[in-house]
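The structure appears below as structure tokens.
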Protein chains: 2
Amino acid sequence: MMTVLFSRKCEYALQGILYLAENQFKGNISAEQIATDLDISRDFISKTLQSLVKDDIIQSHRGKSGGFTLAKDPDSMSLLDIVLIIDGNSVFESCVLGLPTCGADSPCPVHDKWGPIREASRKMLENTTVAQFQPITGSEY
Amino acid sequence: MMTVLFSRKCEYALQGILYLAENQFKGNISAEQIATDLDISRDFISKTLQSLVKDDIIQSHRGKSGGFTLAKDPDSMSLLDIVLIIDGNSVFESCVLGLPTCGADSPCPVHDKWGPIREASRKMLENTTVAQFQPITGSEY
DNA sequence: CCATAATCGGAGTATATAGTCCGAATTAAA
DNA sequence: TTTAATTCGGACTATATACTCCGATTATGG
């Protein structure tokens, strides 16, 4: 195991969303194809993407030549949106040393130093939209 | 569950070490006392501290009025030292999106943005020594 | 010397997360 | 209209981590 900031499920969700953005012009993308190209489990990425369908982040289409597509304008979809849906915002709220009482009034030894780093992480995810990673349409023809 | 950067075990180790530094002048501190004051499991913090004894971070003393003490000058002990012993350095090396191929040659979408944040985290831990949190000796008498 | 209080070591249990499997529903294409 | 390819839902298994328990060992202090 050992992820950095997010759960595996969240990492896969982010990878999957970015993959969908990159391949947006191809229409429906099956879990099979995503799994193959990202080299992860088909059933697991499938389940993970299904959970994002409920939140209108992606659309799913059953049946032959079905698959997943982005549900919204990728410009309006930040990586933070996905993180908050899957992992919640505890990573941006909890004490990095795990002290339950840590806060402005009773700060842990690294509370003040961690604050700006956490904010930078948050802003990075907030300012990074899925659209930034689409291929420029037509550039390759 | 849901920690921020480190495993629970690592969080407890950091909390325990800082507690030992704060109470350094009291001599041996039992796992029982640490657990009570930090409100965590005695057996678990005990095991965690035991694993740090091997690495000469802390000393243990069996028998009546035994317990744990810091093994080194707290000035020469950074939080990073403890993190590396318990969790290793994968948190400072791995891709934040979990992409195994991510690197300078094949960067993930947030690779360049994450680098400085990761370095800041690392430096924060490296520059924070356990000694900074000892009470100033004599100041309270 | 004895009772007590502590770590140590090993083994075990609990829980959350990760990942699998299968059958049903659905849909497009042949 | 049939077949094949797909998501969907639920239940299941696997694994890593968190946490507990107990008996042995050790040492202090009365």
Side-chain angles (χ1 to χ4, degrees), chain A residues 1-16 20 26-36 38-71 86-88 90-91 98 100, chain B residues 1-16 20 23 26-36 38-71 86-88 90-91 94 98 100:
Chain A
M1 252 7 46
M2 266 289 126
T3 57
V4 176
L5 277 176
F6 313 125
S7 66
R8 266 294 142 83
K9 185 176 178 185
C10 187
E11 287 182 353
Y12 288 167
L14 291 167
Q15 293 179 25
L20 286 181
K26 293 184 187 167
N28 288 333
I29 311 284
S30 71
E32 180 72 36
Q33 186 183 339
I34 299 172
T36 301
L38 295 179
D39 197 28
I40 58 188
S41 147
R42 183 192 56 136
D43 285 341
F44 195 52
I45 188 67
S46 183
K47 275 249 186 303
T48 301
L49 293 181
Q50 278 165 35
S51 76
L52 290 171
V53 171
K54 302 184 201 69
D55 299 275
D56 287 320
I57 297 291
I58 63 181
Q59 284 181 339
S60 63
H61 308 272
R62 284 185 165 192
K64 192 159 186 176
S65 80
F68 298 96
T69 56
L70 298 178
I86 305 281
D87 278 354
S90 75
V91 73
Chain B
M1 263 348 69
M2 265 290 126
T3 57
V4 176
L5 275 177
F6 313 126
S7 66
R8 266 292 141 84
K9 185 175 177 185
C10 187
E11 287 182 353
Y12 289 167
L14 292 167
Q15 293 179 24
L20 287 180
N23 297 279
K26 294 184 187 167
N28 288 334
I29 311 284
S30 71
E32 180 72 34
Q33 186 183 338
I34 300 172
T36 301
L38 295 180
D39 196 30
I40 56 188
S41 146
R42 183 192 56 135
D43 285 342
F44 195 54
I45 188 67
S46 182
K47 275 249 185 303
T48 302
L49 294 180
Q50 278 165 33
S51 76
L52 290 171
V53 171
K54 301 184 202 71
D55 299 276
D56 288 319
I57 297 290
I58 65 181
Q59 284 181 340
S60 63
H61 307 271
R62 284 184 165 192
K64 192 161 184 172
S65 80
F68 298 95
T69 56
L70 297 179
I86 305 279
D87 279 354
S90 74
V91 73
S94 306

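A quick note: this is a predicted structure, and the numbers were derived from the prediction, not measured. All heavy atoms count here, side chains included; hydrogens, waters and symmetry mates do not. Every chain is numbered from 1, with letters handed out A, B, ... down the list of sequences.
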task: Let me know the distance between CD of A:Glu11 and P of C:dA18, rounded to the nearest Å.
output: 9 Å
Please list, pair by pair, any protein nitrogen or oxygen found under 3.5 Å from a nitrogen or oxygen in nucleotides 28-30 of chain D.
from: D:dT28; atom 1: O4'; to: B:Lys64; atom 2: O; distance (Å): 3.3
from: D:dT28; atom 1: O3'; to: B:Ser65; atom 2: OG; distance (Å): 3.4

query: What distance do B:Gln15 atom CD and B:Leu20 atom CG have between them, rounded to the nearest 0.5 Å?
result: 12.0 Å
field: Nearest heavy atoms of A:Ile86 and A:Ser7, plus distance in Å
entry: CG2-OG, 4.2 Å
- prompt: Taking only side-chain nitrogens and oxygens of A:Ser41, does any of them come within less than 4.0 Å of OP1 or OP2 of C:dT20?
  reply: yes
task: Verify side chain to side chain contact (heavy atoms under 4.5 Å, CB included) between B:Arg8 and B:Thr3, making sure each step is shown before the conclusion.
output: CA-CA 7 Å; B:Arg8 266 292 141 84; B:Thr3 57; 3.8 Å; yes
statement: When rounded to whole Å, the CD1 to P distance for the pair B:Ile86 and D:dA18 reads 10 Å
task: Specify the closest pair of heavy atoms between B:Ile45 and B:Tyr12, including all atoms of both residues, with the distance to one decimal.
output: CD1-O, 3.4 Å
task: Grab the CG-C1' distance between A:Asp43 and C:dA24 for me, whole Å please.
output: 15 Å
message: Measure CD1/A:Ile34 against P/D:dT6 and give the value in whole Å, please.
response: 11 Å
message: Counting only side-chain nitrogens and oxygens, does B:Tyr12 get under 4.0 Å of the OP1 or OP2 atom of D:dC19?
response: yes
Tabulate protein N/O versus nucleotide N/O from nucleotides 10-17 of chain D, keeping only pairs under 3.5 Å, one per line.
from: D:dG10; atom 1: O6; to: A:Lys47; atom 2: NZ; distance (Å): 2.6

statement: Between CD of A:Gln50 and P of C:dA25 the distance, given in whole Å, is 16 Å
For residues 49-64 of chain A, which side-chain donor-acceptor pairs fall under 3.5 Å, sequence neighbours excluded?
from: A:Gln50; atom 1: NE2; to: A:Ser46; atom 2: OG; distance (Å): 3.2
from: A:Ser51; atom 1: OG; to: A:Thr48; atom 2: O; distance (Å): 2.7
from: A:His61; atom 1: NE2; to: A:Thr69; atom 2: OG1; distance (Å): 3.4

- request: Kindly give the heavy-atom pair with the smallest separation between A:Gly98 and B:Glu11, and that separation in Å.
  value: CA-OE1, 3.3 Å
message: Show the nearest heavy-atom pair for residues A:Ile29 and A:Lys26, with the distance to one decimal.
response: CD1-CB, 4.0 Å
- request: Would you kindly give the CD-to-C1' distance between A:Gln33 and D:dT6, to the nearest whole Å?
  value: 13 Å
query: Given D:dC19, C:dT7, C:dT20, which nucleotide is nearest the side-chain atoms of B:Phe68?
result: C:dT7
task: Write down the distance between CZ (B:Arg42) and P (C:dA5), rounded to a whole number of angstrom.
output: 12 Å
statement: One should read off an interatomic distance between B:Lys9 NZ and B:Asp87 CG, to the nearest 0.5 angstrom, of 9.0 Å
query: For B:Ala35 and B:Arg42, which heavy atoms make the closest approach, and how far apart are they?
result: CB-CA, 3.4 Å
- request: Kindly say if A:Ser60 contacts the phosphate of D:dT6, meaning a side-chain N or O under 4.0 Å from OP1 or OP2.
  value: no
- request: Round to the nearest Å and state the distance from B:Ile40 atom CD1 to D:dA18 atom P.
  value: 12 Å
